[in-house]
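The next block holds one structure in the form of structure tokens; read it before the comments.
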Number of protein chains: 2
Amino acid sequence: MNRSEIKDFPISRLRIELDKDGCYFAPDTRGMLNKGLPPDMLAGIEAWAAVRIAGRLTHLNMERWAEQHGLSEGRMSVLFRLRKAPDQRLAMNELALGLSTTPRNITGLVDNLERDGLVCRVPDPEDRRSVQAQLTPAGIEKIDALWRASVEAQTVVTKRFTKDELKQLRHLCLKLVQLMKEEMSR
Amino acid sequence: MNRSEIKDFPISRLRIELDKDGCYFAPDTRGMLNKGLPPDMLAGIEAWAAVRIAGRLTHLNMERWAEQHGLSEGRMSVLFRLRKAPDQRLAMNELALGLSTTPRNITGLVDNLERDGLVCRVPDPEDRRSVQAQLTPAGIEKIDALWRASVEAQTVVTKRFTKDELKQLRHLCLKLVQLMKEEMSR
DNA sequence: TGGTAATAGTTACGCACTTCACTATGAAAT
DNA sequence: ATTTCATAGTGAAGTGCGTAACTATTACCA
């Protein structure tokens, strides 16, 4: 299998077209669901599916970008977060909360960052249960060198939206998150 | 660690508030970025971050729902896709394209589905390279029993949006996908 | 103060997903 | 017809990520 083809395999044949309203939609998704589904539900499923695919592709996008610099999306987020913290240091727990992930995941990310010499674990003298992740000089150098480039990589796509579209996209995604928070915590 | 608390760990402390415009935003994200970043970029990053977190949580939501029925999001998508296919059968390759993922991932998903007796592999007599994934009677029964419930699980959240919001959300997410497709294939 | 509960982190386990390398088969070209 | 190239699927390896079970420490409380 050719190298260029494996690269765009996950995104290859998702057809996206314009509706009568000038809105994008996925003909395959709609075609597969419009049988035996009340139309008010269809709109919800289509939107949900669009969020899912956008989530998958933004994730893939970030992973590929980070991987060019020997990182991953999660590890880069950890570095970024630590860089903004006082003394470039945070408890594992705070990292988990800040990145909206599980403590276990942070353990794994910090494991790899420590292996690469970008972060080291230091015990917290105030609370002997707690472990702090501390940015090493190499880690500081790394994230400082990558910070602007990573921001620009993200804006490569978003700058092709209008300011109002970006606000709407943020608003609707966070509304979804907000509602899911309520639903999932029971 | 308490069971109820580990369940909502990944979504616990993401603060979401309303802007002056009546739009949701994440104060922590904005606060961490508004230093040393041109404001037109800030809007892009905030929207991007919102898509990322929405993607993560919708994924988690689907995984937890599917897991209650002994499945996962990916495996359920495979079952669903096969159910809609003629003779409840598709080549691995077609599955990969249809689900916007890699062939290797399909191999793994079908491995697990086959282990659970929901799917079986059958050789394609027309092309001896090709393998078809065939829904078993148990697989048909499973997806038929779950189909409506899974649709309703997704609409639990989306039905709290207006019809226009759903259209906008779909439109903007697919526009993002469309632009990323163009960017990523070079 | 002594016992119970909450908290921080990690180990163990499993699944999803990607990339790369490899095999087998089919198609195309000269 | 033989070489060459493309395609279908999978093994190997690595990461991300979540859940559950466990240890160590701290906080609470009666």
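To find a chain, count down the sequence lines: A is the first, B the second, and so on, and within it residues start at 1.
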Give the nucleotide from the list D:dT10, D:dA24, C:dG9 with an atom nearest to the side chain of B:Pro103. D:dT10
From the set D:dG9, C:dA16, D:dT7, return the single nucleotide nearest to any side-chain atom of B:Ala91. D:dG9
Does B:Arg104 contact C:dT18 through a side-chain donor or acceptor facing the base, at a distance under 3.5 Å?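 Such a pair does not exist between side chain and base.
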B:Trp48 vs A:Met62, side chain to side chain contact (heavy atoms under 4.5 Å, CB included): CA-CA, chis, key distance, verdict: CA-CA 11 Å; B:Trp48 183 271; A:Met62 293 294 285; 3.5 Å; yes
Starting at the 5' end of DNA chain D and moving along, which residue's nearest nucleotide shows up first, A:Asn105 or A:Pro125? A:Asn105
DNA chain D: 5'-proximal contact among B:Met92 and B:Arg56 (nearest heavy atom):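 Mapping each residue to its closest nucleotide by heavy atoms, the 5'-most match is B:Met92.
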Would you mind reading off the distance between [X] atom [atom1] and [N] atom [atom2], rounded to a whole angstrom?
{"X": "A:Asp111", "N": "C:dA12", "atom1": "CG", "atom2": "C1'", "value": "14 Å"}
{"X": "B:Ile106", "N": "D:dA8", "atom1": "CD1", "atom2": "P", "value": "13 Å"}
{"X": "A:Leu95", "N": "D:dC17", "atom1": "CG", "atom2": "C1'", "value": "16 Å"}
{"X": "B:Glu63", "N": "C:dC15", "atom1": "CD", "atom2": "C1'", "value": "8 Å"}
{"X": "B:Leu99", "N": "C:dA16", "atom1": "CG", "atom2": "P", "value": "12 Å"}
{"X": "A:Arg115", "N": "D:dG14", "atom1": "CZ", "atom2": "P", "value": "10 Å"}
{"X": "B:His59", "N": "D:dG18", "atom1": "NE2", "atom2": "P", "value": "8 Å"}
{"X": "A:Arg129", "N": "C:dG9", "atom1": "CZ", "atom2": "C1'", "value": "10 Å"}

Is [X] close enough to [N] that one of its side-chain N or O atoms is under 4.0 Å from OP1 or OP2 there?
{"X": "A:Thr102", "N": "D:dC17", "answer": "no"}
{"X": "A:Arg64", "N": "C:dT19", "answer": "yes"}
{"X": "A:Arg75", "N": "D:dC17", "answer": "no"}
{"X": "B:Ser130", "N": "D:dG9", "answer": "yes"}
{"X": "B:Ser72", "N": "C:dA16", "answer": "yes"}

Assess whether a salt bridge exists between B:Lys167 and B:Glu165, defined as any Lys/Arg side-chain N lying under 4.0 Å from an Asp/Glu carboxylate O. no
Do NZ/NE/NH1/NH2 and the carboxylate oxygens of B:Glu94 and B:Arg81 come within less than 4.0 Å? no
Pairwise 5' ranking along DNA chain C for B:Leu71 and A:Glu94, keeping only the more 5' one: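 Whichever sits nearer the 5' end wins; that is A:Glu94.
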Kindly indicate whether the side chain of A:Leu109, heavy atoms from C-beta on, has any atom under 4.5 Å from the side chain of A:Val119.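 No - every pair of side-chain heavy atoms lies 4.5 Å or more apart.
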With a non-hydrogen cut-off below 4.0 angstrom, is [X] in contact with a base, only sugar-phosphate, or nothing?
{"X": "A:Asp127", "value": "sugar-phosphate"}
{"X": "A:Asn93", "value": "sugar-phosphate"}
{"X": "B:Leu109", "value": "sugar-phosphate"}
{"X": "B:Arg128", "value": "sugar-phosphate"}
{"X": "B:Asn112", "value": "sugar-phosphate"}
{"X": "A:Thr107", "value": "base"}

Working to the nearest 0.5 angstrom, can you tell me the gap between A:Leu71 CG and A:Asp116 CG? 7.5 Å
A:Glu141 CD: over 12 foreign heavy atoms closer than 6.0 Å: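 Not more than 12 within 6.0 Å, no.
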